[in-house]
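Each remark here refers to the structure printed beneath this line.
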Amino acid sequence: MTRQDWRINIENLAASVSAEYGSEVAESVFRRYGATCFENLSPIFYDEVFGNLLLIDSDN
């Protein structure tokens with residue numbers, strides 16, 4: 001996937017998680033990887049952040 005693809009997917013999931021559980025929950029996923037948002041997230045963690053957000057999002 002391209003960086004833009006990752007951005008779209010991660011930001012969409014983060015928005016969905018924020019809407020369902022609050023922004024603090026979505027932000028906590030980024031913080032686990034030393035980031036505050038996609039912009040300062042290291043590319044090596046894209047897959048892990050995506051997976052964590054997806055897990056939370058599909059929990060409902």
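- In terms of heavy atoms, F45 sits closest to L41 at CB-CD1, 3.9 Å.
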For residues 12-19, run the donor-acceptor check on the side chains, cut-off 3.5 Å, and write out each pair with its distance to 0.1 Å, sequence neighbours left out.
{"from": "N12", "atom 1": "ND2", "to": "I8", "atom 2": "O", "distance (Å)": "3.2"}
{"from": "S16", "atom 1": "OG", "to": "D57", "atom 2": "OD1", "distance (Å)": "2.5"}
{"from": "S18", "atom 1": "OG", "to": "A14", "atom 2": "O", "distance (Å)": "2.9"}

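- The structure places CD of E20 at 9.5 Å from CG of D59, a figure rounded to the nearest 0.5 Å.
- Judged purely by atom type and a 3.5 angstrom limit, T2 uses its side chain to pair as donor or acceptor with the backbone of D5.
- Classification of the F50-W6 ring pair by plane angle, with boundaries at 30° and 60°, yields perpendicular.
- The CD atom of E27 sits 9.5 Å away from atom SG of C37, with the distance rounded to the nearest 0.5 Å.
- Counting all heavy atoms, side chain and backbone alike, Y33 lies closest to N52 at OH-ND2, 2.9 Å.
- I10 approaches L53 most closely through the heavy-atom pair O-CD1, 3.8 Å.
- In this structure, Y46 OH and R3 CZ are separated by 4.0 Å, a value rounded to the nearest 0.5 Å.
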